[in-house]
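Reading through the structure tokens given below for one structure.
Remember, predicted model here, so these are calculated numbers, not experimental data.
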Amino acid sequence: MKKFLSHIVVCFFLFSFSLVAQTRRELEKKRTKLKNEIEQVNTLLFKAKKKKSNALDDLKDLNQKINVREELIETIELEISTLEKEIAKNEIQLEKYYNEVEKLKKDYAEMVVKTHKSKSMQSKTMFLLSSESFYQAYKRVKYMQQYNEYRKKQGEEIVVQTKNIEKLNDSLTTRKKVKEKLIGEEKEHKEEFETDKKSQEKLITKIKRQESKYKKDLLRKQREEKKITLRIDKLIREAIAKSNRNKKKTTKKKAAEFSLNAEEKVLLASFEQNKGKLPWPVKGIITRKFGVQPHPTFPGISINSTGLHITTKAKSSAMSIFKGKVLVIQKHSDGRKSVLIQHGNYISAYNNLEQVFVKKGDQIKTGGKIGKVFTDKVTGKTKLGFVLYRNTKRLNPSKWIRRKS
């Protein structure tokens with residue numbers, strides 16, 4: 001019964017230890033991801049060559065960097081805490097192993113002494129001959145065999161437990177080194193975090209001195225974005241109406257959505273099955289999320305983001321997130337272009353393109369190049385506007401493209 005309970009305790013320890021190790025692996029993976037994200041933020045937002053600085057844009061970029069670093073510090077702290085728990089468990093188990101080995105060695109030593117005292121053939125023979133019956137002699141032979149086997153097992157158990165101690169000691173040393181490294185890394189990130197917070201305060205002070213100017217610029221940009229959005233919405237409605245007229249299936253109920261043939265329905269189903277697994281339209285970082293968000297600096301002003309803003313490297317090409325047909329190519333008043341691709345009832349829109357590689361009506365494959373993303377000569381940034389529709393309804397693209405691992 002004692003052996004059974006001991007086995008249960010060991011199994012529970014190993015199970016809980018594996019869960020802790022799994023959690024730490026997840027934290028380690030998250031830490032690596034956040035470190036890569038900070039590197040991307042530094043490369044794409046802070047190392048881009050700027051002709052002119054804009055405090056509002058600089059503050060937005062800095063806020064993003066601070067948020068990522070704050071999450072990274074929290075992740076490191078959790079990882080250190082998890083490691084401390086692992087180390088404590090290792091030390092408890094190590095002490096248990098040491099105690100077990102000491103007991104085994106003591107028992108083994110006593111058996112060796114007893115065996116030595118009765119090791120002569122004469123004493124063994126006398127032990128057998130003094131048996132009162134054949135059955136008792138047989139039992140004594142079995143006893144001597146079992147005693148020898150038990151002694152052998154005790155010796156083997158000492159070797160096994162000694163190896164367990166060695167492994168646990170190695171594991172403990174490794175974990176302590178990892179912990180020390182993480183503490184150093186945490187200290188470094190906290191120092192950088194404090195430096196960024198000071199820069200943030202300076203930028204906020206600068207913006208407040210010229211608040212009316214920055215507000216005016218912000219509202220002008222929002223008006224320009226709204227014009228482009230309304231133009232694209234109109235183009236989609238017109239494309240739906242034209243498609244349905246050609247198929248002669250226009251009804252009041254279906255006026256706001258594409259009427260699909262059998263092939264297009266198959267494409268639609270395939271697109272929906274890939275929700276959350278679609279590739280990114282360009283490699284980079286999301287610098288503006290989807291939906292209505294309060295402006296981080298000016299109370300009372302909201303940002304209505306129709307899609308995602310993805311900042312990427314200069315000379316990057318936008319790529320189609322799925323196979324489909326080029327529905328519309330639109331050139332805007334500033335010379336930049338938008339390309340709309342139809343995937344059944346879904347439309348992916350790629351805005352802020354400098355150059356377009358496709359033409360209306362082209363069939364495009366998943367990952368096919370659409371156009372070169374525009375690089376702003378003043379800010380030095382290369383940013384793609386990515387919007388996703390189901391007929392005329394805008395969707396959150398983040399729910400459709402795959403999450404970064």
Open item on the list: Distance check, rounded to the nearest 0.5 Å: L395 atom CG versus K275 atom NZ?
Closed with: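 Result: 7.5 Å between the selected atoms.
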Open item on the list: Give me the atom names and distance for the closest heavy-atom approach of V356 to V358.
Closed with: CG1-O, 3.2 Å
Go through the structure and list residues passing salt bridge (Lys or Arg N to Asp or Glu O under 4.0 Å) with [X], not counting sequence neighbours.
X: K176; result: E91
X: K315; result: none
X: E272; result: R390

Checking [X] side chain against [Y] main chain: does a donor-acceptor pair fall under 3.5 Å?
X: T311; Y: K383; result: no
X: S81; Y: E77; result: no
X: Q342; Y: L340; result: no
X: S243; Y: A239; result: no
X: N345; Y: N391; result: no

TODO: Return the set of residues passing side chain to side chain donor-acceptor pair (under 3.5 Å) with Q363 (not counting sequence neighbours), or none when no residue passes.
DONE: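 So Q363 forms no side chain to side chain donor-acceptor pair (under 3.5 Å) with any residue.
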- [ ] Could you pull out all residues at least two apart from N42 that satisfy side chain to side chain donor-acceptor pair (under 3.5 Å)?
- [x] K65
Side chains of residues 178-188: which donor-acceptor pairs under 3.5 Å do they make with residues two or more places apart or in other chains?
residue, atom, partner, partner atom, Å
K179, NZ, E84, OE2, 3.3
E186, OE2, K190, NZ, 3.3

TODO: Please collect all ring-ring contact (aromatic ring centres under 6.0 Å, His included) contacts where either partner lies in residues 366-387, sequence neighbours excluded, each pair once.
DONE: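 For residues 366-387, and leaving out neighbouring residues, the ring-ring contact (aromatic ring centres under 6.0 Å, His included) pairs sorted by first residue read Y350-F386.
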- [ ] Sequence neighbours left out, what pairs pass ring-ring contact (aromatic ring centres under 6.0 Å, His included) with at least one residue falling in residues 268-297?
- [x]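 Only F271-F322, F271-H343, F271-Y346, F271-W400, H295-F298 qualify under ring-ring contact (aromatic ring centres under 6.0 Å, His included).
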Task: K30 bridged to E79 by N-O distance under 4.0 Å - done: no
Task: Side-chain ion pair, D61 and K381, N-O less than 4.0 Å - done: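 Salt bridge between D61 and K381, a charged N being under 4.0 Å from a carboxylate O: yes.
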- [ ] Could you note down all residue pairs passing salt bridge (Lys or Arg N to Asp or Glu O under 4.0 Å) where residues 326-337 supplies at least one of them, sequence neighbours left out?
- [x] D334-R336
Open item on the list: Listing request: all salt bridge (Lys or Arg N to Asp or Glu O under 4.0 Å) pairs with a residue in residues 276-298, at least two apart in sequence or in separate chains.
Closed with: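 Matches after skipping sequence neighbours: E225-R288.
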Result block: side-chain N/O donor-acceptor pairs under 3.5 angstrom for residues 214-223, not counting sequence neighbours:
residue, atom, partner, partner atom, Å
K215, NZ, E211, OE2, 3.3
R220, NH1, E224, OE2, 3.2
Q222, NE2, S302, O, 3.0

Open item on the list: Among H332, R231, Q330, which residue satisfies the side-chain hydrogen bond (donor to acceptor under 3.5 Å, both in side chains) criterion with S338?
Closed with: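 Looking at H332, R231, Q330, the match for S338 under the side-chain hydrogen bond (donor to acceptor under 3.5 Å, both in side chains) is H332.
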- [ ] Determine whether more than 12 heavy atoms belonging to other residues, nucleotides or ligands lie under 6.0 Å from atom NZ of K365.
- [x]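 No, the 6.0 Å shell around NZ holds no more than 12 heavy atoms from other groups.
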Task: side chain to side chain contact (heavy atoms under 4.5 Å, CB included) partners of E74, counting only residues at least two apart - done: E70
